[in-house]
Amino acid sequence: MVDYDQELDRYETIMIESKIKEGVFHKVVKDLKSGKAVSCSCKCWSKGNKPCAGMRTVGFDN
């Protein structure tokens, strides 16, 4: 069984401003163990599963 508190400590949400739309922020989820982005709130990721500029800024593994 996975401890819920350990799961919360494994990830960090980072707000990164969009380079295309002023005032719009990406909520990038970063895995603290690997230091890489694993998810984002933007349409590129949520609809097309493509890493956005915000995810690439943090670092992303394919």
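Excluded from the calculations below are hydrogen atoms, water molecules and symmetry mates; all remaining heavy atoms, backbone and side chain alike, are included.
- Between the side chain of Arg10 and the backbone N or O of Asp31, no donor-acceptor pair lies under 3.5 Å.
- Applying the 4.5 Å side-chain rule to ILVMFWY residues, one finds that Ile20 remains a lone member of its cluster.
- The CD1 atom of Ile16 sits 11.0 Å away from atom CZ of Arg56, with the distance rounded to the nearest 0.5 Å.
- Of the inter-residue distances, the one linking Cys40 atom SG with Asn49 atom CG reads 11.5 Å to the nearest 0.5 angstrom.
- There is no path of hydrophobic side-chain contacts, each under 4.5 Å, that joins Phe60 to Val29.
- In this structure Ser46 satisfies the side chain to side chain contact (heavy atoms under 4.5 Å, CB included) test with no other residue, sequence neighbours excluded.
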Verdict with supporting geometry, Leu32 and Glu12, side chain to side chain contact (heavy atoms under 4.5 Å, CB included): CA-CA 7 Å; Leu32 294 175; Glu12 173 185 22; 3.4 Å; yes

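- Heavy-atom contacts from other residues, nucleotides or ligands closer than 6.0 Å to NZ of Lys36 number more than 12.
- Contact detail for Val38 and Trp45: the closest heavy-atom pair is O-CZ2, 3.4 Å.
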Worked verdict on Ser18 versus Phe25 for side chain to side chain contact (heavy atoms under 4.5 Å, CB included): CA-CA 5 Å; Ser18 172; Phe25 288 84; over 6 Å; no

Ile14 vs Val58, side chain to side chain contact (heavy atoms under 4.5 Å, CB included): CA-CA, chis, key distance, verdict: CA-CA 9 Å; Ile14 302 168; Val58 172; 4.2 Å; yes

From CA spacing to verdict: side chain to side chain contact (heavy atoms under 4.5 Å, CB included), Glu17, His26: CA-CA 6 Å; Glu17 188 168 11; His26 293 251; over 6 Å; no

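- Here Ser39 contributes atom OG and Met55 contributes atom CE; the two are 6.0 Å apart, rounded to the nearest 0.5 Å.
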